[in-house]
Amino acid sequence: MTWKTVADTLTATPGETLTLKGWVRTRRDSKADGGLCFIALHDGTSHDAIQVVAKAAGDDALANYDEVNKLTTGCSIEADGLLVESQGKGQSVELVASEIRIIGLVDDPDTYPVPQKRHTFEYLREQAHLRVRTNTFGAVARVRHALAMSIHRFFDEQDFYWVHTPIITGSDCEGAGQMFRVSTLDAMNAPSADDGSCDFDKDFFGKETHLTVSGQLNVETYCSALSRVYTFGPTFRAENSNTSRHLAEFWMIEPEIAFADLAANADLAEAMLKFVLADLLQRRADDMAFFDLRIEKGLIERLKHVIETPFKRLPYTEAIAILEKAQGKAKFEYPVKWGLDLQSEHERYLTEKHFKAPVILINYPKDIKAFYMRVNDPGTDGAPGDTVAAMDVLVPGIGEIIGGSQREERLDVLDQRINEMGLNIDDYWWYRDMRKYGTVPHAGFGLGFERLIQFATGMANIRDVIPFPRAPRQAEF
RNA sequence: UCCCCGAUAGCUCAAUGGUAGAGCGAGCGGCUGUUAACCGCUAGGUUGUAGGUUCGAGUCCUACUCGGGGAGCCA
């Protein structure tokens, strides 16, 4: 007998005999026809369960019907049987079982942590090893996979190479926040250097090392030979951030393109978002319909709007003018002034109220952005001060989903920026080499993978779109 | 890190300072080709931890722990 997945079985033609293997989602019984029960069986391959019918009497009577009729949510079984058109409403096909093998029972149904009832996401976070058995987290897992594959497909079709940048980094100059130290030294008995500080020369790598906060500086070197590259992997931030949009361990996508300016970078970001969202709606229509129904009403319409609408491109300087005009009625908590960074409330006003569409903000003041961003010509956009070729992609509901820039390819300007910001120029020797040996204009951006999943599913808390979230004081599982 | 809110049955929540309850889930029974089923019965509690006030504390006070929402930082 052929073992088939639930997904394949749901679309198969009745008349086939086959085997299903999975976990019981629900069981209902009836005294009709001499006794029968209905098992909703899941194996994760589709959003919908398949109905397995077990009978106590007649030709299809099961020898172990009494045991089968005691199955509870979470039990694992194998079922052989004939696929038939369903007599009941709610499904088109069902499996009439000829044999059901009970593989694993649930010890105590009364204390099974995820019975078939409503649970809060807060509670399910404490049951991270079991929450994937629920509709919502099964759907999140499938969508997460679909988006990851879609991102790889998009870049592969556009002749990008996936570059595996290191997770352990010896650079302390990535400049994107607090880092986690990687060490094999005994924390209780660390060796001291002559000046009393920790002697990292005795550590595994012979120097201080950390978990990466970004693969950007590394991937820029590959860009300077392979033209179109991207990273997709975990990154780590030791920031004490306790929000629904931050994790200590998250996945990031960072493309980098050579012979490209900020406009090409924005084009890439917009094309990528539109591609993966359209691909998702097509490939995971079942799960997306669920999110639309149960998590965020109108989700699919919102995503279609994003796919069809050109992203609004707006210089920072013009955004400030719009926000200053709106200040009276919008009642912003924080001041709006050229030279200050935009707050969440400002970004959300622009994308949710003013334009009601994704917005790509470009050309930010130099002083609020990183050293590696390319300095614009004076007077760009009529700005009253110096700007850099930075961009942020803002989307309704999430705010900033992408941050990127054209990189500074001129060595003299880059050095000046490193010095201005008080950074140690020696730390950047290999990064500066890119500007000495065949420098080219290039640009790239970072996309937080979990934020993309939030945007695509409507899930409110980022801890619910990664299997085992890491956040301050949270590393269980 | 800052500001607010919360912690009571397996889960979600009630309970003027005075005998801790309900819904869901679970178990048993009834009904039914069932499917958020329906009807009945039953079990289930050191009220987050440690102190304090009081004749008496789930309730008031203090500290701590954990969780949530918002802000900052950012992706």
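We name chains A, B, ... by the order of the sequence lines, and we start the count at 1 in each one.
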- Item | Whole-angstrom distance between B:A22 and B:G44, as gauged at atom C1' | 14 Å

Enumerate the protein-to-nucleotides 25-28 of chain B contacts in which both atoms are nitrogen or oxygen and the separation is below 3.5 Å.
| from | atom 1 | to | atom 2 | distance (Å) |
| --- | --- | --- | --- | --- |
| B:G25 | N2 | A:Asp110 | OD1 | 2.4 |

- Task: Compute the ring centroids of A:His164 and A:Phe232, then answer whether they are less than 6.0 Å apart.
- Result: no

- Considering non-hydrogen atoms only, spot the tightest contact between A:His442 and A:Glu256 and give its length. CD2-OE2, 3.2 Å

- Query: Which is true for A:Thr26 with a 4.0 Å heavy-atom rule: it touches a base, it touches only sugar-phosphate, or it touches nothing?
  - Reply: nothing

- Query: Whole Å only: how far is the CD atom of A:Glu333 from the P atom of B:C4?
  - Reply: 14 Å

- Query: Reckon A:Arg245 touches a base, only the sugar-phosphate, or nothing at all at heavy-atom distances under 4.0 Å?
  - Reply: base

- Query: Taking a pair as Watson-Crick (N1 to N3 plus N6-O4 or O6-N4) or G-U wobble (N1-O2 and O6-N3), both under 3.5 Å, which stems of 3 or more consecutive pairs involve RNA chain B?
  - Reply: B:1-7 with B:65-71, B:10-13 with B:21-24, B:26-30 with B:38-42, B:48-52 with B:60-64

- Task: Report which part of the nucleic acid A:Gly446 touches: base, sugar-phosphate, or nothing (heavy-atom distance under 4.0 Å, all strands).
- Result: sugar-phosphate

- Under 4.0 angstrom between A:Gln343 side-chain N/O and B:G72 OP1 or OP2: yes

- What nucleic acid atoms does A:Leu247 come within less than 4.0 Å of, heavy atoms only: base, sugar-phosphate, or nothing? base

- Query: For the residue pair A:Phe332 and A:His346, is the inter-centroid distance of their aromatic rings smaller than 6.0 Å?
  - Reply: yes

- Item | Within residues 50-57 of chain A: residues closer than 4.0 Å to RNA chain B (heavy atoms) | A:Gln51, A:Val53, A:Lys55

- Could you please name the option among B:A75, B:C73, B:A71 that lies closest to any side-chain atom of A:Asn242? B:A71

- May I ask you to say what A:Tyr123 touches in the nucleic acid, namely base, sugar-phosphate or nothing, with a heavy-atom cut-off under 4.0 Å? sugar-phosphate

- Query: Between the side-chain atoms of A:Glu122 and the base atoms of B:U12, is any donor-acceptor pair under 3.5 Å?
  - Reply: no

- Task: For A:Tyr222, look at atom OH and say whether over 12 heavy atoms of other residues, nucleotides or ligands are found less than 6.0 Å away.
- Result: no

- Between B:G21 and B:A14, how far is it from one C1' atom to the other, in whole Å? 7 Å

- Closest to the A:Ser30 side chain: B:A75, B:G69, B:G33? B:G33

- Item | A:Gln91 CD to B:A37 P, straight-line distance once rounded to whole Å | 13 Å

- Message: With rounding to the closest Å, how many angstrom separate the P atoms on B:C60 and B:G69?
- Response: 25 Å

- Base B:G33 to side chain A:Glu94, donor-acceptor N/O within 3.5 Å cut-off: yes

- Query: Using a distance-only test with no angle check, is there a side-chain donor-acceptor pair under 3.5 angstrom linking A:Trp162 and A:Thr231?
  - Reply: no

- Note on the structure: note: A:Leu124, atom CG; B:G10, atom C1'; distance rounded to Å ~ 13 Å

- Message: Between B:C74 and A:Ser241, counting only base atoms on the nucleotide and side-chain atoms on the residue, is there a donor-acceptor pair under 3.5 Å?
- Response: no

- Atom C1', compared across B:A36 and B:C24: separation rounded to whole Å: 11 Å

- What is the nucleic acid contact for A:Tyr334, judged by heavy atoms within less than 4.0 Å: base, sugar-phosphate only, or nothing? sugar-phosphate

- Donor on one side chain, acceptor on other, A:Asp392 and A:Tyr364, under 3.5 Å: yes

- Message: Output the rounded distance in Å from CD1 (A:Ile398) to P (B:G70).
- Response: 11 Å

- Message: Closest approach to the side chain of A:Asp29, judged atom by atom: which nucleotide of B:C11, B:C73, B:U32 is it?
- Response: B:U32

- Closest approach of A:Ile453 and A:Leu147, non-hydrogen atoms and distance? CG1-CD1, 3.9 Å

- Message: For A:Tyr431 and A:Tyr372, I'd like to know if the aromatic rings sit close, meaning centre-to-centre distance below 6.0 Å.
- Response: no

- Item | Interatomic distance at P, B:A43 relative to B:U16, whole Å | 26 Å

- Item | Separation of the C1' atoms in B:C5 and B:A75, to the nearest angstrom | 28 Å

- How long is the line joining NZ of A:Lys369 and C1' of B:C73, in whole Å? 12 Å

- Message: So, does A:Ser214 get its side chain near the phosphate of B:A75, meaning an N or O under 4.0 Å from OP1 or OP2?
- Response: no

- Looking at side-chain heavy atoms only, is the closest gap between A:Phe137 and A:Phe121 below 4.5 Å? yes

- Message: Does atom CG (A:Asn424) have a neighbourhood of more than 12 heavy atoms from anything else shown, all under 6.0 Å?
- Response: yes

- Query: What's the CD-P distance between A:Glu126 and B:G48, to the nearest Å?
  - Reply: 15 Å

- Note on the structure: Here the distance between atom C1' of B:G33 and atom CD1 of A:Ile39, to the nearest Å, is 14 Å

- Query: Looking only at atom P, what distance separates B:U54 and B:A71, rounded to whole Å?
  - Reply: 44 Å

- Tell whether A:Arg451 reaches the base of B:C74 with its side chain through a donor-acceptor pair below 3.5 angstrom. yes

- Task: Could you tell me whether A:Leu452 contacts a base, only the sugar-phosphate backbone, or nothing, with contacts defined as non-hydrogen atoms closer than 4.0 Å?
- Result: nothing

- Indicate whether any N or O donor in one side chain lies under 3.5 Å from an N or O acceptor in the other, for A:Thr26 and A:Arg28. yes

- Message: As a test of reading the structure: which of B:G33, B:C74, B:U34 is closest to the side chain of A:Arg237, going by heavy atoms?
- Response: B:C74

- Message: I want to check one thing: is the phosphate of B:C38, taken as OP1 and OP2, less than 4.0 Å away from some side-chain N or O of A:Arg28?
- Response: no

- Choose from B:U12, B:G69, B:C73 the nucleotide whose nearest atom is closest to any side-chain atom of A:Asn461. B:G69

- Message: Quick one, A:His129 with A:Phe477, criterion ring-ring contact (aromatic ring centres under 6.0 Å, His included). Give me CA distance, side-chain angles, the key distance, then yes/no.
- Response: CA-CA 7 Å; A:His129 58 314; A:Phe477 304 101; 5.3 Å; yes

- Nearest whole angstrom, please: distance from the C1' of B:C73 to the CG of A:Leu342. 15 Å

- Message: Would you say A:Arg407 and A:Ser405 are linked by a side-chain donor-acceptor pair, where the criterion is simply a distance under 3.5 Å?
- Response: yes

- Judged by nearest nucleotide, the residue sitting upstream toward the 5' end of RNA chain B, A:Leu447 or A:Arg463, is A:Arg463

- Could you tell me whether the side chain of A:His246 has a donor or acceptor atom within less than 3.5 Å of a complementary atom in the base of B:C74? yes

- Message: Both A:Ala460 and A:Asp392 contact RNA chain B. Taking the nearest nucleotide for each, which residue is further toward the 5' end?
- Response: A:Ala460

- Item | Sidechain N-carboxylate O distance under 4.0 Å for A:Glu450, A:Arg144 | yes

- Message: Is the terminal nitrogen or CZ of A:Arg302 (NZ for Lys, CZ for Arg) located under 6.0 angstrom from the six-membered ring centre of A:Phe455 and within 45° of that ring's axis?
- Response: yes

- Task: Using the C1' atoms only, state how far B:G18 lies from B:C3, rounded to an integer number of Å.
- Result: 37 Å

- How about A:Asn376 and A:Thr387: does a side-chain donor come under 3.5 Å of a side-chain acceptor? yes

- Query: Ring-on-base stacking between A:Phe38 and B:G33, under 5.5 Å between centres and under 30° between planes: is it there?
  - Reply: no

